[in-house]
Amino acid sequence: MTDYLAHLNAEQREAVETVDGPLLVLAGAGTGKTRVLTTRFAHILLTGRAYPTQVLAVTFTNKAAREMRERVSTIINRPAQGLWLGTFHALSARMLRRHTEMVGLKSNFTILDPDDQLRLLKQVMESERVDTKRWVPPTMMAVIQRWKDRGLTPSRVTPAEDTDFAAGRARELYGAFQARLRSLNAADFGDLLLYMTELMREQPDVLTQYHRMFRYILVDEYQDTNLVQYHWLRLLAQAQKNICCVGDDDQSIYSWRGAEVENILRFEHDFPGAKIIRLEENYRSTAPILAAASGLIAHNDGRLGKTLRPGRQDASGECVTVVALWDSDEEAHMVGNRVERLCRDGEPLREIAILVRAGFQTRAFEERLINLGIPYRVIGGLRFYERQEIRDAIAYMRLVVQSADDLAFERIVNVPRRGVGDAALRAMHETTRADGIPLMEAAAKLVANASLKGRTREQLDALLRGFARWHAQLETDGHVLTVATLLDESGYTDMWQRDKSPEAPGRLENLKELVRALADFETLSGFLEHVSLVMENDEMAEGDRVSLMTLHAAKGLEFDTVFLPGWEEGLFPNQRALDEGGVKSLEEERRLAYVGLTRARQRAIVSHAANRRIYANWQTSIPSRFIDELPDDIDRTGSAAMARDTRTLAPATFSDQFPLVARRTRAIAAWGQPARLARVDAIPIGTRVFHEKFGYGTVKAAEEGRLDVAFDKAGDKRVLDRFVEKA
DNA sequence: AGTGGGACGCTTTTT
DNA sequence: GCGTCCCACT
């Protein structure tokens, strides 16, 4: 029978077959948690316990949701359609659309992205006469978000919860912000969960409706849930109690954005008699990597206690390596060289990852990889839907669907330039306030009564007529053609065509891609909903490239080879985290290190540098305490060599001797790179060169490894000589 | 209305 | 060291 159960181990199988009643699966890294979840889902369907629409499956990311959908449909051998499978936010939005009037919204409400959200809050703060210099909107936003994470509506925030932010007016501002969101018929991400949870709490019949709907609930990455998500789940599960949560307390790395590991402990309390199954057999990494990871995480207190056992047949393998370097440049060299060697030995680049603590660290490696001609991708940079041109285009679309979208109007009213400046905008806002009409109508009024003059008036008039036209066209020609027309007629594509900057062609290409993506949706509103909920990160796709990303972004991924640079006190564990959260944060940093190590299948290379350039100046640091915490069977040959080197060459205290450090750095760099120095002289003035970022240009001056180049497209720039090649 | 220069500040981030 | 933001200049 049931051959989908055949390739599970005993624990996994138990987790799949324990279908009724509350179940908590504590799944260590690489122990097959996704397999358990998907097989369990399929098992519920195949044994006829529920129809596909009666299972609620929740993930944190769209990617995880997509993977789960694919794997479930593979097992049940048909397309998995009509499932309630998605992220907390997507599922909540879908539910909320059915009850909008109960929370004071219309069914076509807009979901704001973080950018609009912040702009709106800033406006609210300004109109409430808060000094936004002294009290910066992002901080206020964070306060509000933490409240929303905890399921606190403005009326539920008690005076005791108020912070001293904005002179004790934070609650009041939160209330004003929520009111403003409602008046714009908009919700932010936090609201999707907050409103839905509030509804289920306050409206028993709504809750009952969902109790009848969902027989089984599955939750992925349970350690990442925040309080409002926890309440959301508990409300939905309290009737049938068939809830299965899968998580790993050792991989909880998102407490700073409201996740509460305590939810795992609370689970047993709230669902008495809950069964707990531990998955400890790791099929991903070699024994030495597991030993290193386990040894490290053992330094954390208050764990639920899991020990990873090697489950692989070929579990013996290379030691985890620790390499000590003089400075960050040397570290980048070391990583680059090793990547090159691995590549020569036939390791695919897609199986190599460089995982850093903070985004700014990627740059050094990027430069090195460019220099070596090794293809790479940075994961988690700007996402497609966060790009300026895409956001502008989306603002236009939002206005075609809903002309009352003031935030969208503000964004594009002067993009491209239409002579609408501060004065004109202020006039519109006044009319908006006085007449209680949206900005677009206010603009129409000011055009009609000739309050606006000259070219501004003409161009604005053209824009408004445009919107009327496109709105009508949507009915007749469909959304794809309408958007294409809109982008042309509004002058938007033209704006980029006339733009001479090197990014412009890429932006036009992105716009084309956007129009292409539209075709995958039946309606424009459907597309817009998708866009706001699925800020897709498609850099993961295609190409044999080295991956560069933060440790946070690496969770859930795995690679043969993992480089873990920058293990220094202050950087990792991060000083700011330590300052803010003390021991709790230290433990979270340690879990981050654990996540990093457990991404590796075959080999992990940890490194640290004695000197690092952070922003403008050099900083000296000592190796991370996490290195000391690794168990003994680690290859530290690099460290020993470095210790000797440091003793003989470094000054007793080099923190305040920048010149000396700098000289030494150059010496090492030169020693490691003789070919590079030779090339400095090989680029005379007048040479045609090519630069990865700026394209072709002519050298105008050269000194000390730097070139002044007049680029054809990017203009005059000063660049490092090693980033150009002769054209 | 649009631009250019100086001040600032800088961990992680999904939806 | 670099990008962002705001203000002052044109």
Side-chain angles (χ1 to χ4, degrees), chain A residues 58-65 86-93 111-114 117-118 122 132-133 136-138 141-142 145 148-149 187-194 220-221 224-226 228-229 252-259 355-364 367 379-383 385-386 388 414-426 452-456 459 529-537 549-556 566 570-581 585 588-589 591-593 595-596 613-618 718 720:
Chain A
V58 198
T59 63
F60 268 85
T61 64
N62 291 296
K63 188 168 161 252
T87 63
F88 276 102
H89 298 271
L91 293 168
S92 231
I111 300 167
L112 290 193
D113 62 46
Q117 198 187 359
L118 192 62
K122 189 163 177 239
T132 51
K133 289 261 169 55
V136 294
M141 197 71 251
Q145 263 164 350
K148 289 186 178 179
D149 286 342
D188 66 17
F189 286 122
D191 289 338
L192 298 174
L193 286 148
L194 188 66
D220 193 13
E221 304 279 19
D224 288 338
T225 50
N226 59 34
V228 73
Q229 288 160 338
S252 157
I253 54 175
Y254 283 115
S255 74
W256 50 273
R257 65 177 201 213
L355 309 182
V356 296
R357 173 65 242 262
F360 72 83
Q361 290 173 263
T362 58
R363 182 184 267 132
E367 291 181 355
I379 292 168
L382 253 199
R383 279 172 283 275
Y385 291 110
E386 281 172 11
Q388 188 192 338
N414 203 32
V415 181
R417 300 257 131 91
R418 296 188 181 92
V420 179
D422 260 359
L425 206 57
R426 216 173 310 128
L452 293 167
K453 310 228 152 46
R455 271 189 67 67
T456 303
Q459 297 190 79
E529 164 117 1
H530 171 83
V531 171
S532 43
L533 287 170
V534 186
M535 283 286 201
E536 196 77 80
N537 189 347
M549 70 190 97
T550 64
L551 287 158
H552 283 92
K555 198 171 77 159
L571 221 201
F572 189 41
N574 183 275
Q575 192 56 49
R576 219 164 123 167
L578 261 36
D579 292 346
E580 279 167 23
S585 294
E588 182 149 316
E589 296 283 301
R591 290 194 290 270
L592 207 44
V595 166
R613 216 166 63 182
I614 291 181
Y615 308 119
N617 36 10
W618 286 92
R718 172 162 291 191
L720 284 177

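A quick note: this is a predicted structure, and the numbers were derived from the prediction, not measured. Convention: sequence-line order gives letters A, B, ...; per-chain numbering from 1.
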Tell me whether A/Trp256 is stacked on the nucleobase of B/dT12, counting only the six-membered base ring and applying the 5.5 Å and 30° thresholds.
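Yes, the aromatic ring of A/Trp256 stacks with the base.
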Rounded distance in Å - [atom1] ([X]) to [atom2] ([N]):
| X | N | atom1 | atom2 | result |
| --- | --- | --- | --- | --- |
| A/Leu194 | B/dT15 | CG | C1' | 15 Å |
| A/Phe60 | B/dT15 | CZ | P | 11 Å |
| A/Arg363 | C/dG3 | CZ | C1' | 9 Å |
| A/Leu578 | B/dT12 | CG | P | 16 Å |
| A/Leu533 | B/dT14 | CG | P | 14 Å |
| A/Lys63 | B/dT13 | NZ | C1' | 15 Å |
| A/Asn226 | B/dT14 | CG | P | 15 Å |
| A/Ile379 | B/dT13 | CD1 | C1' | 15 Å |

First encountered from the 5' end of DNA chain B, between A/Asn414 and A/Glu588:
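Result of the comparison: A/Asn414.
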Which comes earlier along DNA chain B counting from the 5' end, the contact point of A/Thr456 or that of A/Ala553, where each point is its nearest nucleotide?
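Between the two, 5'-proximity favours A/Thr456.
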Identify the two heavy atoms, one from A/Leu578 and one from A/Pro573, that lie closest to each other, and give their separation to 0.1 Å.
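Looks like CD1-CB, 3.9 Å.
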Atom of A/Gly86, atom of A/Ala65 and distance for their closest heavy-atom approach
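What the structure gives for the nearest pair is CA-CB, 4.0 Å.
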Kindly say if [X] contacts the phosphate of [N], meaning a side-chain N or O under 4.0 Å from OP1 or OP2.
| X | N | result |
| --- | --- | --- |
| A/Thr87 | B/dT14 | no |
| A/Arg357 | B/dT13 | no |
| A/Asn574 | B/dT12 | no |

For [X], which residues count as a side chain to side chain contact (heavy atoms under 4.5 Å, CB included) partner, sequence neighbours excluded?
| X | answer |
| --- | --- |
| A/Asp191 | A/Lys148, A/Gln178, A/Leu181, A/Ala187, A/Asp188, A/Leu194, A/Tyr195 |
| A/Thr61 | A/Lys63, A/Ala64 |
| A/Gln388 | A/Asp392, A/Arg411, A/Trp496, A/Arg507 |
| A/Ala259 | A/Tyr254 |

Determine the contact category for [X]: base if any of its heavy atoms lies under 4.0 Å from a base atom, sugar-phosphate if only primed atoms, P, OP1 or OP2 are that close, otherwise nothing.
| X | value |
| --- | --- |
| A/Asp188 | nothing |
| A/Glu589 | base |
| A/Ala358 | sugar-phosphate |
| A/Ala93 | nothing |
| A/Gly190 | nothing |

Side chain of A/His552 - closest among B/dT12, B/dG2, C/dG1:
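Ranking B/dT12, B/dG2, C/dG1 by closest atom to the A/His552 side chain puts B/dT12 first.
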Nearest to the A/Thr61 side chain among B/dT15, B/dT3, B/dT12, which nucleotide is it?
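Per side-chain heavy atoms of A/Thr61, the pick is B/dT15.
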Residues forming a ring pair (Phe, Tyr, Trp, His ring centres under 6.0 Å) with A/Phe88, sequence neighbours excluded:
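If we apply the ring pair (Phe, Tyr, Trp, His ring centres under 6.0 Å) test to A/Phe88, skipping adjacent residues, the hits are A/Phe60, A/Trp232.
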To the nearest 0.5 angstrom, please state how far the OG1 atom of A/Thr362 sits from the CD1 atom of A/Ile379.
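Spacing of OG1 (A/Thr362) from CD1 (A/Ile379) equals 11.5 Å.
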What is the distance from atom CG of A/Leu533 to atom CD1 of A/Ile111, rounded to the nearest 0.5 Å?
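It is 4.0 Å, given to the nearest 0.5 Å.
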Residues two or more places apart in sequence or in another chain: which of them pass side chain to side chain donor-acceptor pair (under 3.5 Å) with A/Glu529?
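For A/Glu529, the residues satisfying side chain to side chain donor-acceptor pair (under 3.5 Å) (neighbours in sequence not counted) are A/Arg97.
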Protein and nucleotides 4-6 of chain B: nitrogen or oxygen contacts under 3.5 angstrom:
none

Contacts of A/Lys555 that satisfy salt bridge (Lys or Arg N to Asp or Glu O under 4.0 Å) - sequence neighbours left out
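A/Glu221, A/Asp224.
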Measure all distances between protein nitrogen or oxygen atoms and nitrogen or oxygen atoms of nucleotides 4-8 of chain C, and list the pairs falling under 3.5 Å.
{"from": "C/dC6", "atom 1": "OP1", "to": "A/Lys122", "atom 2": "NZ", "distance (Å)": "3.3"}
{"from": "C/dC7", "atom 1": "OP1", "to": "A/Lys133", "atom 2": "NZ", "distance (Å)": "3.2"}

Under-3.5 Å donor-acceptor pair between A/Arg257 side chain and B/dT12 base:
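Checked by distance alone, the answer is no.
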